[in-house]
Engineer: 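Pasting a structure here, questions to come.
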2 protein chains.
Amino acid sequence: MEIEQAFGNVLRKVRLEKSLSQEELAHLCELDRTYISLLERGKRKPTINTIFALATGLNVLPSNLV
Amino acid sequence: MEIEQAFGNVLRKVRLEKSLSQEELAHLCELDRTYISLLERGKRKPTINTIFALATGLNVLPSNLV
DNA sequence: TTGTAGACTACTGTCGACA
DNA sequence: ATGTCGACAGTAGTCTACA
């Protein structure tokens, strides 16, 4: 409960910089909106595939999220 | 079946550069040896925590593995 | 030293609904 | 627009054992 919290913080920060709602990001990533919410609050640990999907949706490098 | 394969390739490359066996790495990361084997062959998708554990055991940056 | 198999637990990720 | 809940299927990760 620390790595995933840090990840969630970065995720939210980048998402807001892009002025996207959780729902818009979810659609871009083809992930569930409620799951984005869980991730941003550090309640879930994404797999590497999910990290890549998020990075693609956010138009940043995956390494930029870790 | 592509992202995880690429990850597995990087993992094996870095591990061999450090001259570690799968078993030694597993011990350093506190992960299972057979699981390292699965990862290197792209049969499993690690979570972000696992990526950090591997990076720590390999003494590289997590972003270096993605 | 590594791959593989099978069985198992825990958790990721989805979905519908409501505040 | 976001948080949360409960239920669910699929899979991450462990462990023992054998080639």
Side-chain angles (χ1 to χ4, degrees):
Chain A
M1 288 300 235
E2 185 177 316
I3 289 173
E4 56 265 37
Q5 184 56 258
F7 178 83
N9 294 340
V10 172
L11 177 59
R12 174 160 294 180
K13 184 166 176 290
V14 175
R15 176 177 65 81
L16 292 178
E17 285 171 0
K18 306 281 179 173
S19 300
L20 294 170
S21 68
Q22 290 181 353
E23 192 153 356
E24 289 167 330
L25 176 57
H27 186 254
L28 288 172
C29 301
E30 296 180 311
L31 289 172
D32 197 79
R33 176 190 72 76
T34 64
Y35 182 53
I36 305 283
S37 175
L38 289 169
L39 283 177
E40 289 192 352
R41 285 174 297 119
K43 301 290 187 181
R44 285 290 192 281
K45 304 166 191 176
T47 63
I48 193 168
N49 277 338
T50 303
I51 294 171
F52 272 71
L54 289 165
T56 302
L58 287 167
N59 200 33
V60 297
L61 292 176
S63 58
N64 220 314
L65 295 177
V66 302
Chain B
M1 288 300 234
E2 187 178 314
I3 289 174
E4 56 265 36
Q5 185 57 257
F7 177 83
N9 293 340
V10 172
L11 177 59
R12 174 160 294 182
K13 183 165 176 291
V14 175
R15 176 176 65 80
L16 291 178
E17 284 171 0
K18 305 280 179 173
S19 299
L20 294 170
S21 68
Q22 290 181 352
E23 191 154 356
E24 289 167 330
L25 176 57
H27 187 254
L28 288 171
C29 301
E30 294 180 311
L31 290 171
D32 197 79
R33 176 189 72 77
T34 63
Y35 182 53
I36 304 283
S37 175
L38 289 169
L39 283 177
E40 288 191 353
R41 284 173 300 118
K43 300 291 187 182
R44 285 291 191 280
K45 305 165 190 175
T47 64
I48 192 168
N49 278 332
T50 302
I51 294 171
F52 272 71
L54 289 165
T56 301
L58 287 168
N59 200 33
V60 297
L61 290 176
S63 58
N64 220 313
L65 295 177
V66 302

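Since this is a predicted model, take the numbers as computed values, not measurements.
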Engineer: Answer whether the closest heavy-atom distance between the side chains of A/I51 and B/I51 falls below 4.5 Å.
Structural biologist: yes

Engineer: Is any side-chain heavy atom of B/E2 closer than 4.5 Å to a side-chain heavy atom of B/Q5?
Structural biologist: no

Engineer: Does this structure show an ion pair linking B/K18 with B/E24, if we count only N-O contacts that are shorter than 4.0 Å?
Structural biologist: no

Engineer: Between atom CG in B/L54 and atom P in D/dA12, what is the gap in whole Å?
Structural biologist: 14 Å

Engineer: Work out which heavy atom in A/C29 is nearest to a heavy atom in A/A53; give both atom names and the distance.
Structural biologist: SG-O, 3.6 Å

Engineer: Looking only at side-chain N and O atoms, does B/T47 come under 4.0 Å of OP1 or OP2 in D/dA12?
Structural biologist: no

Engineer: Looking only at atom types and distance, does a side-chain atom of A/R33 sit under 3.5 Å from a main-chain N or O of A/Q22, one as donor and one as acceptor?
Structural biologist: no

Engineer: A side-chain contact here means heavy atoms from C-beta on lying under 4.5 Å apart; do A/L20 and A/L58 qualify?
Structural biologist: yes

Engineer: Checking B/L65 against A/V66 for the side chain to side chain contact (heavy atoms under 4.5 Å, CB included) test, could you report, in this order, the C-alpha distance in whole Å, the side-chain angles of both residues, the deciding distance, and whether it holds?
Structural biologist: CA-CA 10 Å; B/L65 295 177; A/V66 302; over 6 Å; no

Engineer: Which of residues 7-15 of chain A sit near DNA chain D, with a heavy atom under 4.0 Å from it?
Structural biologist: A/R12, A/R15

Engineer: In whole Å, I'd like the distance from the CD1 atom of B/I48 to the C1' atom of C/dT12.
Structural biologist: 13 Å

Engineer: What is the distance from CD of A/Q22 to C1' of D/dG3, rounded to the nearest Å?
Structural biologist: 8 Å

Engineer: Report, as a single string ordered 5' to 3', how protein heavy atoms within less than 4.0 Å touch nucleotides 14-19 of chain C: B base, S sugar-phosphate only, - not at all.
Structural biologist: BBBB--

Engineer: Can a donor-acceptor pair be found between the side chains of B/T50 and B/T47 at a distance below 3.5 Å?
Structural biologist: yes

Engineer: What integer distance in Å separates A/L20:CG from D/dA1:P?
Structural biologist: 12 Å

Engineer: Can you check the B/E4 CD to D/dA12 P distance for me, whole Å?
Structural biologist: 8 Å

Engineer: Taking the side chain as every heavy atom from C-beta outward, state whether B/V14 and B/L54 have any pair of such atoms under 4.5 Å apart.
Structural biologist: no

Engineer: Using atom CG of A/L25 as one end and atom P of D/dG3 as the other, report the distance to the nearest whole Å.
Structural biologist: 13 Å

Engineer: If I take atom CD in residue A/E40 and atom P in nucleotide D/dT2, what distance separates them, rounded to the nearest angstrom?
Structural biologist: 8 Å

Engineer: Just the rounded figure in Å: distance from P of D/dA12 to CD1 of B/I36.
Structural biologist: 15 Å

Engineer: Within less than 4.0 Å of OP1 or OP2 of C/dT1, is there a side-chain N or O belonging to B/S21?
Structural biologist: no

